[in-house]
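Heads up, the thing below is written out as structure tokens.
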Amino acid sequence: MITAEQQRSWAEMLMSHPDADQSGQGPGWLVAARKAARQAVAELPVLDRKQEAWRYTSIEALLKQHFRPALNTDNNPVLEINDCLLPDFDTYRLVFANGRYDPHLSSIKELPRGVSLGSLRTALTTDPERLATWFGHSANHSAHVFTAMNTALVNDGVFVHVESQVQLDRPIEVIYLSQVDEDPLLMQPRNLIVLDAGARATLVERFIGFGQSAYFHNNLTEISVGQSATLKHYRVQDESRCAYHLSSLYLSQQAQSRYHGTTLAFGGAWARTEYNTTFKQEGAVCELNGLYTVGDQQLTDFHLDVRHSVPGCASREQFKGVLYGKGRAVFDGRILVEKQAQHSDAQLTNDNLMLTRNAEVDTKPQLEIYADDVKCSHGTTVGQLDPQQVFYLRSRGIDENAARKMLCLGFASEILDSIEVPALRDAATGKLHDTLNAAVEAEG
Amino acid sequence: MLSIKNLQVAIEDKAILRALNLDVGSGEVHAIMGPNGSGKSTLSHVLAGREGYQVTAGEVLFEGEDLLALQPEQRAHKGIFLGMQYPVELPGVNNMMFMRESLNAIRRARGEAELDAVEFMQRVREKARLVELDEQLLKRNVNVGFSGGEKKRNEILQMAMLEPRLAILDETDSGLDIDALRIIAGGVNALRSAERSIILITHYQRLLDYIQPDTVHVLVDGRIVRSGDKQLALELEEKGYGWIEAEAAA
């Protein structure tokens with residue numbers, strides 16, 4: 001059991017850490033936002049099992065960790081970026097080393113006109129007024145203690161602004177490298193992604209943790225997709241097996257806009273992703289896909305909160321999980337269709353493949369519908385590999401482990417095949433291959 | 001090639017096969033007929049190594065080796081092929097990739113070089129023509145959305161690709177219309193050779209009009225109660241199984 005006092009003092013200790021001191025830094029509106037968030041921490045409820053959204057995901061172990069906020073450049077270790085780059089993947093690349101933007105590892109050359117891309121820290125100095133237009137408009141700073149903490153210590157992150165009708169010729173790639181050998185670090189990138197009307201872009205975020213690095217990656221991303229704009233957003237979470245990871249995504253969509261989000265969650269000891277989608281105007285489409293694998297000593301948690309508050313929007317959510325060993329997963333998909341949101345189209349599915357008896361998933365699709373002319377469906381499955389399918393493959397000369405692996409890959413292929421960036425799809429397939437090798441060999 | 005002696009098999013302690021004896025020589029085609037529940041499919045599953053069957057007595061030798069001691073994949077490596085009565089669908093598993101993995105797994109086990117993509121493509125195209133299988137089906141997921149006839153053709157395609165020493169075709173004719181039956185039979189006939197034996201398991205004499213067996217066996221209540229030539233199948237077609245069941249019970 002954890003208490004409100006424990007949670008408060010843990011967060012307070014981090015925020016008062018000498019390394020977290022940035023008093024007076026940044027524009028006035030940011031100083032005010034930090035201060036308000038810090039105050040909110042003291043009043044926010046404790047995230048215990050009584051909170052429905054945290055019922056299956058305990059933060060107890062997290063609160064026992066003593067992190068040091070990684071706000072200073074001297075946290076940056078020497079990192080070998082070349083090992084992390086994908087072959088045949090030409091991108092505008094931003095690299096964050098232990099939470100801080102690293103211009104030497106990054107590569108942003110020949111940006112088209114109408115595109116701003118760089119670190120939030122820089123943009124706060126050069127263009128604070130423009131940032132004020134969007135900052136904090138989509139996000140709920142006081143959703144819970146972690147979003148408040150992110151805001152209280154805003155320091156660096158990704159800033160993307162694609163102006164009206166501009167189409168990016170290459171994907172934007174953001175790599176978060178974490179390599180921590182000593183004290184566990186707290187890293188809190190704060191990202192702001194803005195696409196004006198008719199803009200098109202692909203954003204790829206890759207979270208990479210080295211070895212047994214211990215850290216808490218508590219990132220918060222605000223995304224605004226303008227009228228008729230399209231954002232394809234891929235996220236590959238491959239944190240270290242000792243890491244805590246929380247992604248809070250806030251998405252705001254204008255008329256006829258399209259957002260395609262895919263999260264692949266492979267790593268972390270404790271990893272949670274929250275998608276919050278708000279449709280501001282009619283005719284928008286939001287598609288969220290996810291694939292997760294969890295084994296021993298791993299918890300992966302997905303929370304979706306999709307709000308249809310205007311008519312005629314569509315949302316598609318498809319999440320698949322492969323669980324092995326004593327892996328645990330949580331899926332909580334909530335779709336709200338408000339009374340005035342007629343002609344909403346919402347479809348949510350979550351399928352789980354359990355390779356072992358000891359794996360566990362708590363899955364909870366929730367459809368709350370207050371409008372009467374809508375097309376909505378949801379479905380959840382939890383199952384094992386079909387022995388008849390395994391036998392079929394074995395009778396064709398394929399050994400049992402290979403057969404099981406082939407069926408798992410088949411199960412995941414729907415999500416992997418939807419990745420439109422070949423280099424990323426190949427890398428993700430390779431990663432899944434390796435994970436399944438380890439999983440299937442361990443069971444066999 | 002295959003020698004089954006006094007094979008007794010139970011499912012959850014219920015006896016299904018009771019003292020079954022069968023010898024299949026190299027290059028021979030044997031048909032096994034029999035009423036529902038006589039144990040035909042059990043025999044095919046036990047030969048291929050499916051789980052869930054208790055062998056309570058007897059032995060099965062394949063080229064002199066104890067077949068029942070082998071894993072299903074090892075049996076495939078030795079040259080056993082089971083054409084399934086109900087081929088399962090494998091969502092997300094590409095048909096072509098599956099066949100290549102299968103063929104190369106068998107080749108690896110035999111110490112043969114794997115086929116590269118080009119060699120494989122040539123062979124699969126050639127064999128697909130043999131069973132008149134639309135090449136588009138090769139690009140799809142295994143059996144997913146295939147018609148009944150397409151699934152059976154896909155089975156015979158695999159047989160053609162894997163070139164087994166012993167093919168057991170379990171009710172390959174069930175659910176086929178006459179055209180599909182002719183195509184399947186044509187494929188099987190093209191694969192007949194002096195080195196390859198075939199066991200055809202079927203309810204109906206119809207299949208045997210197209211694939212001429214060397215020997216016909218009648219399986220009743222877990223035993224082969226009569227063996228003969230093709231005439232026996234015609235006799236069954238005319239009179240049904242009743243008389244032979246009555247004889248067997250007597």
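Remember, it's a predicted structure, so these values are computed and weren't measured experimentally.
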Could you state the interatomic distance from [atom1] ([X]) to [atom2] ([Y]), rounded to the nearest 0.5 Å?
| X | Y | atom1 | atom2 | value |
| --- | --- | --- | --- | --- |
| A:Ser395 | B:Met84 | OG | CE | 3.5 Å |
| B:Ile106 | A:Ile398 | CD1 | CD1 | 8.0 Å |
| A:Asp399 | B:Glu101 | CG | CD | 10.5 Å |

Checking heavy atoms, do the side chain of [X], its backbone, both or neither come under 4.5 Å from chain A?
| X | result |
| --- | --- |
| B:Ala48 | both |
| B:Pro87 | both |
| B:Met99 | neither |

| request: Identify the two heavy atoms, one from B:Ala76 and one from A:Gly397, that lie closest to each other, and give their separation to 0.1 Å. | output: CB-N, 3.3 Å
| task | Identify the heavy atoms of B:Leu162 and A:Arg396 that sit nearest to each other, and give their distance. | result | CD1-CD, 4.1 Å
| request: With A:Arg394 as reference, evaluate B:Gln71, B:Gln74, B:Arg50 under the side-chain contact (heavy atoms from CB on, under 4.5 Å) test and give the passing residue. | output: B:Gln71
Look at atom [atom1] of [X] and say whether more than 12 heavy atoms of other residues, nucleotides or ligands are closer to it than 6.0 Å.
| X | atom1 | value |
| --- | --- | --- |
| A:Arg258 | CZ | no |
| A:Asp88 | CG | no |
| A:Lys326 | NZ | no |
| B:Glu119 | CD | yes |

| task | Would you indicate whether the side-chain heavy atoms of B:Tyr86 and A:Tyr392 approach each other to under 4.5 Å? | result | no
| field | Side chain to side chain, B:Pro91 and A:Gln389, heavy atoms closer than 4.5 Å | value | yes
| field | Contact listing (chain B partner; residues 402-415 of chain A; heavy atom under 4.5 Å) | value | A:Met406, A:Leu407, A:Gly410, A:Phe411, A:Ser413
